[in-house]
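Worksheet for the structure shown next.
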Amino acid sequence: MTEQLAWGTTYLAVRPDHFRVDYQINPFMDVSQQPDPALAREQWGGLVDTIERLGGSVQVIDQRIDAPDMVYAMNLGLGVERRDGSRHVVLSHMRYPERRMETGSARDYFAARGWTSSYVGQAGVGAHFEAGDAFAFRGDLVVGYGPRTEELGLKHLAMELDARVRGLRITHPGMYHLDLAFCPLDGTRALVCPEAFDNASAAAVLDLVPDPIVLTEEEALTTFAANSIVLPSPTGISTVVMPGCPDRVRAELVAAGFEVVVLDLSEFHKGGGSIRCLTNPVDVRLGRDLVHVPGGEVLLP
Ligand code: ARG
């Protein structure tokens, strides 16, 4: 196994006290298919317990009653630790007004804990950015754009973080966030569904990942396998916590030295998200997980 991810042990999550499907902003959502609230709480609790059992920690935020999608905490913002140890969050600027009120709560939450914050756009003005589109991998910030995040947002992110941003253009309506099609696993591996992207970006993502574990479109859409998280461990064996895992993918993960844990998150699939969407890693470090590039840089396929 190559070097484990250095990030992925500290997460934010939103307790699903008001999780509903009130509107449709992705192809999975159907207001006639409501989640079972008790089952959703049980599944979410099981995820939190699993993260803690694997040595991770979870900070829990209360859900706003008027924000049924806030449970998908990944989209609250991109948190980073600066090189001087201070913390900063680039808050999301949601594509759909239905979710924009979440940002105010996120800002207050982070501010109360001493984080600084910034925006790439807000309240419908400026570029959209949703943090489920942005993940550190091999020193770069890989950012999906198209359905949610806008291309202009990449430039703002690069400048704000002094980082190299690699954009990937998402064209698949069902993989509307990068985290539905791409999951960093370690220093060289990632789960990737090339069908999420246009041809140039599909080629670019396969170039970017030395040892990709490729998911078919059907696997990505029906199992949410890319919407997984990776818990590194002092033993050197990382665990991939997944909402579903086709046998072939499991065999590839095990051969690469990973442990695999599969959890049922069925209720959250009704809103179009799963494990990664429910958990926001806030231990990504500038200068360690993202290479310092003064002024930033954006690379597009
Ligand atoms: N209903 C939510 C939306 O459409 C789901 C968000 C899923 N989150 C994610 N990181 N992919 O915005």
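As the structure lists them, so they are numbered: ligands from 1, and atoms in each ligand from 1.
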Taking side chain to side chain donor-acceptor pair (under 3.5 Å) as the test, write out the residues that go with S57, two or more places apart.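 Partners of S57 by the side chain to side chain donor-acceptor pair (under 3.5 Å) criterion come out as none, since no residue qualifies.
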E252: side chain to side chain donor-acceptor pair (under 3.5 Å) partners, not counting sequence neighbours: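 With sequence neighbours excluded, E252 shows a side chain to side chain donor-acceptor pair (under 3.5 Å) to R248, given in chain and number order.
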Kindly write out the residues that satisfy side chain to side chain contact (heavy atoms under 4.5 Å, CB included) with H177, not counting sequence neighbours, or none if the list is empty.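 Only N75, E130, D133, R148, D179, L180 meet the side chain to side chain contact (heavy atoms under 4.5 Å, CB included) criterion with H177.
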Do we get R107 above Y109's six-membered ring, with its NZ or CZ under 6.0 Å from the centre and within 45° of the axis?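 Not satisfied by the 6.0 Å and 45° rule.
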Contacts table for ligand 1: protein N or O within a distance under 3.5 Å of ligand N or O, distances only.
residue  : atom   : partner : partner atom : Å
ligand 1 : 1 (N)  : N26     : ND2          : 3.4
ligand 1 : 1 (N)  : D69     : OD1          : 2.9
ligand 1 : 1 (N)  : D69     : OD2          : 3.0
ligand 1 : 1 (N)  : G271    : O            : 2.8
ligand 1 : 4 (O)  : N26     : ND2          : 2.9
ligand 1 : 4 (O)  : R148    : NH1          : 3.4
ligand 1 : 4 (O)  : R148    : NH2          : 2.8
ligand 1 : 8 (N)  : N75     : OD1          : 3.0
ligand 1 : 10 (N) : N75     : OD1          : 3.4
ligand 1 : 10 (N) : D179    : OD1          : 3.4
ligand 1 : 10 (N) : D179    : OD2          : 2.6
ligand 1 : 11 (N) : H177    : ND1          : 2.8
ligand 1 : 11 (N) : D179    : OD1          : 2.8
ligand 1 : 12 (O) : R99     : NH1          : 2.7
ligand 1 : 12 (O) : R148    : NH1          : 2.8

Would you call the rings of F268 and Y72 parallel, tilted or perpendicular, where under 30° means parallel and over 60° means perpendicular?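 Perpendicular: the ring planes of F268 and Y72 meet at over 60°.
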Starting at CZ of R166, measure out to CZ of F137 and round the result to the nearest 0.5 Å.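 It is 10.5 Å, given to the nearest 0.5 Å.
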